Number of protein chains: 2
Amino acid sequence: MTVVTFRASVQGQLRDRLLDSAQGQIEKRGWSSVTMSRIADEVGVSRQTVHNELGTKRQLAEHLAMRELARFLEVVQERMAGQVDVVDAVVAACEGALELGERSLLVRTIVGSVPGEHDPDLLAILTVESGEIIDTAGAAVKQCILDGAFDLPLTDAEVDVAVESVVRLVLSAITRPSKPPAQAAADIGWILRLALKGARG
Amino acid sequence: MTVVTFRASVQGQLRDRLLDSAQGQIEKRGWSSVTMSRIADEVGVSRQTVHNELGTKRQLAEHLAMRELARFLEVVQERMAGQVDVVDAVVAACEGALELGERSLLVRTIVGSVPGEHDPDLLAILTVESGEIIDTAGAAVKQCILDGAFDLPLTDAEVDVAVESVVRLVLSAITRPSKPPAQAAADIGWILRLALKGARG
DNA sequence: CGGGGTTGTCAAGTTGGTTGACATGTCATA
DNA sequence: TATGACATGTCAACCAACTTGACAACCCCG
């Protein structure tokens with residue numbers, strides 16, 4: 001046997017293509033014009049297969065969000081790796097994520113450049129129903145911190161709290177940016193550094 | 001529906017990957033060490049699937065040959081397109097094919113650099129059992145000639161004969177090269193030009 | 001209100017890869 | 001030369017996944 005069977009790789013490919021199609025449609029004509037049928041047609045598959053693979057249209061949105069999240073977490077991982085100071089690592093990661101948030105066509109489309117032109121259904125995923133996003137991102141960031149073997153004056157549970165807070169700040173800054181990425185990241189770093197100092201002193 | 005269904009594209013992909021695996025094994029360790037099992041393993045598929053897709057090991061060799069041939073014919077098509085003189089077109093095509101014959105790792109492996117180190121089974125395909133190759137290549141070349149709308153003093157049947165002869169000369173020069181590609185191609189052009197002159201006069 | 005388009009779901013049908021088995025053939029080696 | 005190891009070629013039974021057709025429910029437009 002091989003590491004990945006042909007079947008499995010095809011399955012992943014199908015998933016990706018379906019999501020690609022949906023994402024393309026979102027970026028071109030908005031979420032409301034995305035159709036399960038059109039996705040099926042574009043990919044060359046039956047509508048049923050789209051449902052089998054992605055579930056309901058609502059779940060499709062969540063899949064899209066999680067996939068985009070994975071791209072963000074990749075950047076986070078890259079930026080944190082090799083740093084010696086936790087705060088530096090976090091700041092670098094935040095900056096990377098915020099910059100990607102500006103570049104990501106999907107994110108920009110969801111958040112909407114013109115006020116009032118949102119797709120409420122999709123936007124909800126990034127905001128009120130972002131539980132899974134926060135959990136996933138939090139877990140990934142924590143893993144990076146563990147990998148980094150930083151010297152931290154915090155208990156494990158306290159690390160969780162701190163990480164979740166940082167993630168929430170970043171998510172907020174992506175959905176409602178108020179300063180350039182570098183500045184926003186620096187601000188987060190400032191708070192974090194103070195908190196750590198407090199924990200130590 | 002789409003132009004290509006997902007299923008079809010996957011099928012083609014499987015075929016390609018199987019052939020890639022076989023070709024890689026040939027180039028690394030020779031035809032005799034190519035195993036249906038190894039191909040299956042490398043691609044992540046069952047041995048039976050390899051048989052379903054490619055047939056016997058012998059047929060696998062033919063598939064490989066035909067796929068490589070397709071690459072040659074692509075070059076031929078490129079070189080002939082846009083030429084105004086038939087002979088120039090043919091010479092350009094021959095030169096391209098001969099050069100590719102020198103570069104093609106598969107061809108070089110089959111033909112064998114060291115005398116006596118051939119894989120007889122594979123080699124047969126390029127020589128004694130090259131019927132399908134000649135037919136396919138001939139048809140492709142003839143199509144290029146028709147597309148070119150050249151002014152020819154030959155009947156349709158005579159064109160067939162001429163084309164087949166050229167193809168055979170090229171095939172021979174690939175399996176047993178005696179001069180550099182440009183020279184060999186020029187030689188073919190010389191004969192062809194004479195023949196056409198004879199037909200006109 | 002009625003038609004058209006979409007979603008979500010189902011069951012039946014088809015394609016095609018998987019698995020295990022077996023006969024056959026070949027080669028190296030004891 | 002006998003034999004074990006390995007490869008090929010084929011089968012049948014199995015199972016996973018895509019397809020097809022159909023249907024109820026919903027929404028929006030005219």
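Predicted, not measured: the structure shown is a model, and the values here were computed from it. Here is how names work: the chains are called A, B, and so on, in the same order as the sequence lines, proteins then strands, and each is numbered from 1.
- Rounded to whole Å, atom C1' of dT19(D) lies 10 Å from atom CG of Asn52(A).
- Put simply, CZ on Arg29(B) is 12 Å from P on dA7(D), counting in whole angstrom units.
- Distance, Leu14(A) CG to dT19(D) C1': 13 Å, rounded to whole Å.
- Following rounding to the nearest Å, Glu53(B) (CD) and dT15(C) (C1') show an atom-to-atom distance of 13 Å.
- Using a 4.0 Å cut-off between a side-chain N of Lys or Arg and a carboxylate O of Asp or Glu, Arg168(A) and Glu164(A) qualify as a salt bridge.
- Under the 3.5 Å distance criterion, with hydrogens and angles disregarded, a donor-acceptor pair is assigned to the side chains of Ser21(B) and Gln25(B).
- Nearest heavy-atom pair across Ala65(B) and Ile133(B) is CB-CD1, 4.3 Å.
- The interatomic distance linking Leu54(B) (CG) with dT10(D) (C1') rounds to 16 Å, in whole Å.
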Could you run down the sub-3.5 Å N/O contacts of the protein with nucleotides 7-10 of chain C?
{"residue": "dT7(C)", "atom": "OP1", "partner": "Met36(A)", "partner atom": "N", "Å": "3.4"}
{"residue": "dT7(C)", "atom": "OP2", "partner": "Met36(A)", "partner atom": "N", "Å": "3.3"}
{"residue": "dG8(C)", "atom": "OP2", "partner": "Lys57(A)", "partner atom": "N", "Å": "2.9"}
{"residue": "dG8(C)", "atom": "N7", "partner": "Arg47(A)", "partner atom": "NH1", "Å": "3.1"}
{"residue": "dG8(C)", "atom": "O6", "partner": "Arg47(A)", "partner atom": "NH2", "Å": "3.0"}
{"residue": "dC10(C)", "atom": "N4", "partner": "Gln48(A)", "partner atom": "OE1", "Å": "2.4"}

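- The phosphate of dG17(C) (OP1 or OP2) has a side-chain N or O of Gln11(B) nearer than 4.0 angstrom.
- Of the two residues contacting DNA chain D, namely Ser46(A) and Arg38(B), the nearest-nucleotide position lying further toward the 5' end is that of Arg38(B).
- Taking CZ of Arg15(A) as the start and CG of Leu19(A) as the end, the distance is 6.5 Å to the nearest 0.5 Å.
- Nearest approach of Glu158(B) to Pro153(B), heavy atoms of both residues: OE1-O, 4.3 Å.
- With hydrogens and angles left out, the side-chain atoms of Ser9(B) and Arg17(A) include a donor and acceptor closer than 3.5 Å.
- Between the side chain of Arg7(B) and the base of dT15(C) there is at least one donor-acceptor pair of N/O atoms closer than 3.5 Å.
- If you take CD of Gln13(B) and P of dG16(C), they are 15 Å apart, rounded to a whole angstrom.
- Using modelled atom types and a 3.5 Å distance limit, the side chains of Ser104(B) and Glu68(B) yield a donor-acceptor pair.
- We find that CZ of Arg15(B) is positioned 14 Å from C1' of dG16(C), with the value rounded to whole Å.
- OP1 and OP2 of dG16(C) both lie 4.0 Å or more from every side-chain N or O belonging to Thr49(B).
- Rounded to whole Å, atom P of dT19(D) lies 9 Å from atom CZ of Phe6(B).
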